[in-house]
Structure formats: C-alpha cells, structure tokens
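Order of appearance sets the numbers: ligands from 1, and atoms from 1 within every ligand. Everything quoted here is computed from the prediction, not taken from an experiment. One-based numbering along the sequence shown.
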Amino acid sequence: MISFDVVVLGGGPGGERAAIQAAKAGKRVALVERENVVGGMRVNWGTIPSKTLRESASFVYGLRHNLLDAIKVEIADTITIPELMYRERRVVQRELELINKSLSRYAVEIYKGEGRFLDAHTIAVHGVDGQVRLHLKGDVIVIATGSSPSRPGDIHFDDDTVFDSTTVLRLPRMPRSMIVIGAGVIGVEYASIFAALGLAVTLVDARAQLLPFVDREIAALLRRELRLLGVAFVSSDHYAKVERLDGAPPTVRVTTRQGNVLEADVLLYCAGRDGNSRGLGLEAIGIEPDARGLLQVNDQFQTVHPHIYAVGDVVGYPALASTSMEQGRQAIRHAYGIPGPKLRTERLPFAIYAIPEVSYIGDTEEMLKEKGLPYVVGRGHYEMNPKGQIIGAPGGLVKLIFARDTLGLLGVHIIGHTASELIHTGQAFLDAGADATHIAETLYNYPTFSDMYRHAALVALRARQQGEQA
Ligand SMILES: Cc1cc2nc3c(=O)[nH]c(=O)nc-3n(C[C@H](O)[C@H](O)[C@H](O)COP(=O)(O)OP(=O)(O)OC[C@H]3O[C@@H](n4cnc5c(N)ncnc54)[C@H](O)[C@@H]3O)c2cc1C
C-alpha cells in the first residue's frame, strides 16, 4: 500500500490536468492509466488523430477540385488510413512528449494498470492479467476515466467491415463506400472526411434534423455542403439489422426499420458514447452510474463522497477535451482551496470539424424565438470576402445575432474555412458585451476573414434602421 495526497484514475486530458494542478500545489500525486500511453482520447484515439485525418482529406479534396486542368492528381486505391494520416504519428509523439515531460517535471508517479476502488480511499491497480499489482491510498481521488464508443450487442464489430470511431482509424484498406450510423458531431465529421477522400458515404440518423442544436440556417448550409461532397442522407430511420456479406473483400448490409437496404464496403457506427465507469468497483463505495455509465457530480465535480471527484467525459456533457482539462484543474483547486483563474464555461464555443467547419457560441435564432426575444441578424459571406476569393474557399457564412432593442451581440454562428478559429473573435465580443456598432467600428486587417464581422454588423445595423423606418 502506497499513500498519496491525490490518486487520479485515467491519464486523458481531465486526469492529466488534475494531476499536474495537484502536483504544482506540492501534493504527492499518483496517476493510474490502463493503457501503455497517457493522453487518452484527445491524443491517441480521438481529437488529434481525427483532426489530422481531416487535414489530409481537405488537402486531397482541395487538390482534386482546385487545381489547374493541366495538373492531374492520382490517389492510389491502395493508400491506407494510417498512410493518409502521415502527420499523425509526429503530432501524437510530440503531444505525448510534452505530457510526459510535464508529468515528470512535477513528479507525478504513473502506475500502469486498471484502477478499481476497494473502499472510498483505496484503489487496487490491476495488471493486464487481472492480478492486483499494488494498492494506492488517496486523501483525494479524481475519476477521469473518460468514455468509449457505444457498441450495441446486435452489431458485430469485426474491425474488418464494421468499425467504431476508435477502430476506424485502423481501417485495413481504403474502402470505396461507407455507411455511417449516427449523425452526431463525430459521425458528421467522419462522414465529411471520408466523402472528401472520395468514398460514397451514406449517413443514417434516427433524428429528422441534422444536428438539431445547431442554428437551423447553418445546419441547412452544412447539409447542402455535405451533399455536394457526395454524402447521402437517411434520416428519421434506425438500423434494424447489420450483416456482413462475405466476399473478396467482404462488405456490409444494413437493413433499416423503414425498409431501406444499404450496402457498402464498411460500416462506421458512431451513435453515442458510454462513460468508462464499469469495472471501477463503484458499487463498493455507493456511487451509482446512470444507464450510460455517466457519474453524477455537483458544481464542484464532487461525487456523493466529497473527497472523490469525477471530471471529463465520464460526467457527460459537454465532453470536450477543453472542458475536461478545466474540470480536472477545478476539482483540485476546490479540494485544496487553491485560488486561480476559473475559466468561464457557462457559454461555451463549440466546433464541428466537418468539411466545412462549423463553429458557434451563444443563442441561435430558434432559441431566441422560443424565448420571445426580438432580434436582428447580420450576415457576412465568404464569397464576398477577398480572402475567401484568394484562397478559393467555397461558400460560407458568418452570422451574427443581436438583440433588436440594444443591438447587443447574442450569438455567433459560422460555417466555412477556419470557423473554429474565427469563432473566438465573436466569443471575445460576446464576453465584452459588444454591440453591433462596436463590431462595425472595429478595424480589421485586410484581407482577412475577420473582416466579415464588420460586414455582418453593418448589415444588422442597416436591417434595424430599415425596421425602424418601416
Ligand atoms: C473521434 C473523436 C473526435 C473528437 N474531437 C474533439 C475535438 O475536436 N475537440 C474536443 O474538444 N474534443 C474532441 N473529442 C472529445 C475528447 O477527446 C474528449 O472529450 C476528451 O478526451 C475527454 O477527456 P477525459 O480525460 O475525460 O477522458 P479520455 O480522454 O477518454 O481519457 C480517459 C483515460 O482513462 C483511462 N482509463 C479508463 N478507465 C481506467 C481505469 N479503470 N483505470 C485506469 N485508467 C483508465 C483510459 O485508458 C484513458 O486514457 C473527440 C472525441 C472523439 C472520440
């Protein structure tokens, strides 16, 4: 039995930041990670790998569509996903080096194995053989075990024709067609990435609307762009049966409840994720996960035991790398009363790294209609923007929503090139309480996409003026 001030379960972004925050405060910290590497979903199997593949897909798509007629680009059928993600290993390696360096600089002790509660202060660390290797005692314990793709029992994930969002990065050959079940953020991102790589993609979703939480105008534009990429939609439908069809190579058939029969080289199932709480021995300490394996916590990320915190994907929404890190830091600051900056998380920016990107913060038109708040909209268009013309960016939109009476900014919604970066200008305006006049009177570099903020604000000012005159 080794005693620590803090024992952290899971070395993803939530666990890593909790461990470093505690170690910086002079605490003795143990971090338990069941995989061979730290970094979790962010570095190894989710955020960074998928974004690296997206860059390759955008590059390939750009080459195919933007080059002069005289230059032809051939993409070999034999290219594999790992080859396409040629930069991934380097990026991941660099991230892992940085994480390991900071864990070792602050003397966080890493234990490889699966952590399981024996009692509210004791963790047994199991090796791959299932045997207990050692016991760790912690005054404070942080559960940061993340989440895994849901795998329904009636689908056989053979990693040859049927994949989830983790295993898809190890596709053994480049397919020509793909069925994606689940049009959530991850499903939409992967559908657009594979369509840009030239696959015939069918996106199946139980919901009628694409990404219902996104501003409807932006979601409609995204749907149009995805169609242009070659994505076919099957909406308001659910798989009934998934079959592997043997052949060389084997393929997959999906029969839906509405009677659609879809066939493709591979199926990517990405409808939902479950919290990694099974096997943690939580029943021994009276913590009960919900049906999706998620843990309930209070505003300070405490479970029913005040000294046991849970952060990141295992507590559910918003389940982002950025928020998981901040929750890890906040949990430790709360445990030890450490002062420090508290990131504003009540209004979050969201990014969907599809091709094209979508990013937003604040209210949508639909939310304001529901609240009965009068508003005015201004739009800046990529095709009217000189930088958009220079880089040959296809269409896109910066949409700003202002309160009709005060002209205060309420929401920013962007679809187009680098939307995930451009959103932060809007976030800063929102946080500063800026109004349309302030945004319109800001001078931007020329030519930049940011200049679309000025255009959108000017349009909104004009719209309000015309509304008053009418
Ligand atoms: C395809 C994909 C794309 C994504 N893209 C983005 C994006 O663009 N932007 C963004 O912000 N977020 C993105 N995310 C989400 C982001 O990756 C997660 O929100 C984030 O990694 C969650 O961090 P975490 O620390 O809670 O958990 P994880 O990163 O899942 O880490 C948990 C760690 O705990 C370990 N573990 C689990 N159980 C045990 C145990 N019993 N004992 C010891 N160790 C254990 C796991 O091995 C893992 O290393 C994406 C996710 C996916 C799947």
Show which side-chain atoms of residues 424-433 pair as donor or acceptor with protein atoms under 3.5 Å away, not counting sequence neighbours.
from : atom 1 : to   : atom 2 : distance (Å)
H424 : ND1    : Q427 : OE1    : 2.7
H424 : NE2    : S420 : O      : 3.4
D431 : OD1    : R347 : NH2    : 3.1
D431 : OD2    : R344 : NE     : 3.4
D431 : OD2    : R344 : NH2    : 3.3

Could you pull out all donor-acceptor pairs under 3.5 Å where a side-chain atom in residues 314-325 meets a protein atom, sequence neighbours excluded?
from : atom 1 : to   : atom 2 : distance (Å)
T323 : OG1    : L320 : N      : 3.2
T323 : OG1    : L320 : O      : 3.1
S324 : OG     : L320 : O      : 2.6

Quiz: residues 282-295 side-chain donor-acceptor pairs under 3.5 angstrom, not counting sequence neighbours:
from : atom 1 : to   : atom 2 : distance (Å)
D290 : OD1    : R292 : N      : 2.8
D290 : OD1    : G293 : N      : 3.1
D290 : OD1    : L294 : N      : 2.9
R292 : NE     : R273 : O      : 3.4
R292 : NH2    : R273 : O      : 2.9

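In terms of modelled atom types and a separation under 3.5 Å, the side chain of R54 and the main chain of Y353 share a donor-acceptor contact.
The contact shell of ligand 1, taken as protein residues with any non-hydrogen atom closer than 4.0 angstrom, comprises G10, G11, G12, P13, G14, V32, E33, R34, E35, G40, M41, R42, G46, T47, S50, K51, G113, E114, G115, A144, T145, G146, S147, I186, Y190, R273, L280, G312, D313, A319, L320, A321, S322, S324, Y353.
D313 and S147 share a donor-acceptor pair across their side chains, judged by distance under 3.5 Å alone.
A salt bridge links D160 with R244: the closest approach of a Lys/Arg side-chain nitrogen to an acidic carboxylate oxygen falls below 4.0 angstrom.
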